[in-house]
Amino acid sequence: AGVVEYRGENFERSYGLRPTYVEVLFEVKVFLRGHRRELVGSLQRWIHDIREALTVNNLNSGALAADKPVSLVDVDEGRVAVRGELATVSASVRLRYREST
């Protein structure tokens with residue numbers, strides 16, 4: 001199971017006729033069950049899978065790309081939290097897109 005949490009946006013000031021850019025902040029979380037020792041490999045794979053899935057090319061597909069093309073994806077940090085048999089893999093993600101004119 002997993003969730004993508006919206007954290008907010010930073011807006012660039014518009015000067016002239018150039019389209020403005022917006023930076024959107026997300027937190028991506030994946031939840032796994034099992035014992036810590038058994039999960040180590042899975043936790044590492046999930047962090048790398050999140051990072052590899054969130055690329056400019058992957059996000060610039062479909063209808064959303066035509067309206068809000070992504071120009072930057074920054075996965076700041078991958079973190080792991082384990083409580084009992086529930087582990088959470090999370091990553092802070094910053095996307096930069098251009099607003100349509």
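Taking every heavy atom of both residues into account, V75 and A91 meet most closely at CG1-CB, 3.9 Å. Heavy atoms only, all atoms of each residue included: A87 and L43 are closest at CB-CD2, 3.8 Å. Heavy atoms only, all atoms of each residue included: E52 and N58 are closest at O-ND2, 3.5 Å. The minimum heavy-atom distance linking R33 with L86 is given by the pair NH1-CB, 4.1 Å.
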### Query
Does the pair F26 and L95 meet the rule for a side-chain contact (heavy atoms from CB on, under 4.5 Å), with working shown?
CA-CA 8 Å; F26 292 99; L95 304 178; 3.6 Å; yes

### Query
When you look at V80 and I47, which way does the side-chain contact (heavy atoms from CB on, under 4.5 Å) test go after all the steps?
CA-CA 9 Å; V80 173; I47 288 173; 3.8 Å; yes

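Atom OG of residue S90 and atom CH2 of residue W46 lie 13.5 Å apart, to the nearest 0.5 angstrom. Note that CG of L59 is 14.0 Å distant from NZ of K68, once rounded to the nearest 0.5 Å. Here R98 contributes atom CZ and D67 contributes atom CG; the two are 10.5 Å apart, rounded to the nearest 0.5 Å.
In summary, of the residues considered (V4, L54, D76), a side chain to side chain contact (heavy atoms under 4.5 Å, CB included) with V93 occurs for L54 alone. Just one of E27, E23, E9 meets the salt bridge (charged side-chain N to carboxylate O under 4.0 Å, His left out) condition when paired with R94; it is E23.
Using a 4.5 Å cut-off between side-chain heavy atoms of Ile, Leu, Val, Met, Phe, Trp and Tyr, with links allowed through other members, L72 and Y6 fall into different hydrophobic clusters. No chain of hydrophobic side-chain contacts below 4.5 Å, direct or via other Ile, Leu, Val, Met, Phe, Trp or Tyr residues, connects Y21 to V24. Note on V56 and L25: separate hydrophobic clusters, where clusters join Ile, Leu, Val, Met, Phe, Trp and Tyr whose side-chain heavy atoms are under 4.5 Å apart, directly or indirectly.
Around CZ of R7, the count of heavy atoms belonging to other residues, nucleotides or ligands within 6.0 Å exceeds 12.
V89 places a side-chain heavy atom less than 4.5 Å from the side chain of I50.
Residues satisfying the side chain to side chain contact (heavy atoms under 4.5 Å, CB included) test with V40, not counting sequence neighbours, are Q44.
Look at R79 and E77 and you find a salt bridge, because one of the NZ, NE, NH1 or NH2 atoms lies within 4.0 Å of a carboxylate O, short of that distance.
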